[in-house]
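Nothing fancy with the numbering, it's 1 onward along the sequence.
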Amino acid sequence: MQETREVTFAPGLLTEDVFSELKNLGKEYMRLMSYYSSAMLEIETKFKVLNIEFNGKFDRNPIESIKTRLKTPKSIIEKMDRIGVPLSVENIEHKLSDVAGVRVICSFVDDIYRLADMLALQDDVYILKTKDYIKNPKPSGYRSLHLIVEVPIFLSQEKRFMRVEVQLRTIAMDFWASLEHKLRYKKDIPQEHAQEIARQLIECAETVSRTDQQMLDIRRQIEESGR
């Protein structure tokens, strides 16, 4: 059995040495990232197929776009530092669930739940965890449906199960989340201003939610009138 290399570091202390150690994990690390890339491709393809099927049944596409991303080495190190886990290829795979991410941008809120249900019905996809931030928004106002799924990838000599974080949200939710993310990392904002900005962001999130519901109601009215 190959020896597992681990790198330990004091909480909150991220030095150049730590980043160098991640690079030193070398082929093991790169191989793991290729597995995650393959898992993202599997999930992306599944959603594309569902989009085609949905169009055939309902004459419209529920998916506006699909985005994929791998956590950067910096983000992986910061996450493992935050949860207090030694850095190793094995720990990256078994302790983190969001190294690979697929974001599905939908037209309407009901499409989100329908697609999630359709994905869950596939016999080679396992839903490990669900967090519904649409029905239960974060205090910041953030809304999205998060799924941690496990999917097999078929390699030349083995079948391997990999975890992928799937986020499903509407166009409006994605617009809000993208801007909120940029604003959240602005530095040197006085506390009183930060509180006011947070209040306005929550207000905007509520407006976005109402808009999503109104657009869904309009679509349903159109569908009803066309029968």
Side-chain angles (χ1 to χ4, degrees), residues 39-40 42-44 46-51 53-55 57-58 60-69 71 79 82-83 96-151 163-185 194-224:
M40 287 192 305
E42 289 282 348
I43 294 296
E44 182 181 15
K46 286 179 179 296
F47 276 113
K48 287 181 176 179
V49 171
L50 289 174
N51 199 39
E53 181 189 6
F54 197 100
N55 181 267
K57 285 183 177 179
F58 304 104
R60 68 180 185 86
N61 294 108
I63 297 175
E64 291 291 329
S65 64
I66 302 175
K67 304 172 185 176
T68 62
R69 70 101 183 97
K71 262 189 183 302
K79 180 73 174 283
R82 197 160 57 247
I83 64 177
L96 301 184
S97 298
D98 60 348
V99 175
V102 175
R103 182 174 300 155
V104 182
I105 312 302
C106 298
S107 304
F108 301 97
V109 175
D110 63 342
D111 291 336
I112 290 173
Y113 293 105
R114 190 173 292 176
L115 284 167
D117 289 342
M118 292 167 80
L119 183 69
L121 287 173
Q122 300 195 13
D123 59 11
D124 61 345
V125 176
Y126 303 93
I127 310 295
L128 304 181
K129 182 186 268 188
T130 300
K131 288 186 178 179
D132 192 338
Y133 296 117
I134 299 174
K135 294 178 180 174
N136 302 289
K138 289 186 177 183
S140 64
Y142 174 86
R143 286 169 169 82
S144 186
L145 179 66
H146 289 198
L147 308 173
I148 302 299
V149 306
E150 196 170 62
V151 65
R163 282 179 290 178
V164 178
E165 181 187 58
V166 178
Q167 299 177 355
L168 298 107
R169 58 177 71 155
T170 64
I171 303 166
M173 291 174 194
D174 190 57
F175 168 75
W176 182 93
S178 297
L179 292 182
E180 190 269 347
H181 180 77
K182 290 176 183 177
L183 294 171
R184 185 165 17 113
Y185 289 97
Q195 291 175 349
E196 173 58 19
I197 289 168
R199 185 195 66 76
Q200 291 184 54
L201 283 169
I202 292 171
E203 194 175 281
C204 287
E206 292 296 331
T207 301
V208 163
S209 181
R210 288 194 298 272
T211 301
D212 268 334
Q213 186 58 51
Q214 286 178 313
M215 295 302 288
L216 178 57
D217 291 342
I218 291 170
R219 192 204 80 203
R220 286 172 173 168
Q221 290 175 44
I222 292 171
E223 290 173 346
E224 288 294 326

Taking S178 for the side chain and D174 for the main chain, is one N or O donor matched with an acceptor at less than 3.5 Å?
-> yes
Between F54 and R114 the two heavy atoms that sit nearest each other are CE1-CD, 3.2 Å
Check for a donor-acceptor pair, side chain of D132 on one end and backbone N or O of I134 on the other, with a separation under 3.5 Å.
-> yes
Please examine the side chains of M173 and Y133, heavy atoms only from C-beta on, and report whether any two atoms are closer than 4.5 Å.
-> no
Residue from R103, K79, K129 passing salt bridge (charged side-chain N to carboxylate O under 4.0 Å, His left out) with D98 = K79
Can you tell me how far the CG atom of L147 sits from the CG atom of L115, to the nearest 0.5 Å?
-> 10.5 Å
Can you check whether C106's main-chain N or O pairs, donor with acceptor, with T170's side chain at less than 3.5 Å?
-> no
When the ring planes of Y142 and H146 are compared, do they come out parallel, tilted or perpendicular, using 30° and 60° as the limits?
-> perpendicular
Are E203 and R199 ion-paired here, with the side-chain N under 4.0 Å from a carboxylate O?
-> yes
Between CD1 of I218 and CD of E223, what distance do you get to the nearest 0.5 Å?
-> 12.5 Å
Short side-chain to backbone donor-acceptor contact, R143 and N136, under 3.5 Å | no
Taking all heavy atoms of D111 and all of R60, pick out the closest pair and write down the distance.
-> OD1-NH2, 2.8 Å
Kindly indicate whether a cation-pi arrangement holds for R219 with F108, taking the cut-offs as under 6.0 Å to the six-membered ring centre and within 45° of the axis.
-> yes
Answer yes or no: is there a donor N or O on one side and an acceptor on the other, between the side chain of W176 and the main chain of E206, under 3.5 Å?
-> no
Salt bridge or not for K46 and D124, using N-O below 4.0 Å?
-> yes
CE (M118) with more than 12 external heavy atoms under 6.0 Å = yes
Closest approach of G141 and A205, non-hydrogen atoms and distance?
-> O-CB, 3.4 Å
Distance-only polar pair, side chains of Q213 and D217, donor-acceptor under 3.5 Å = yes
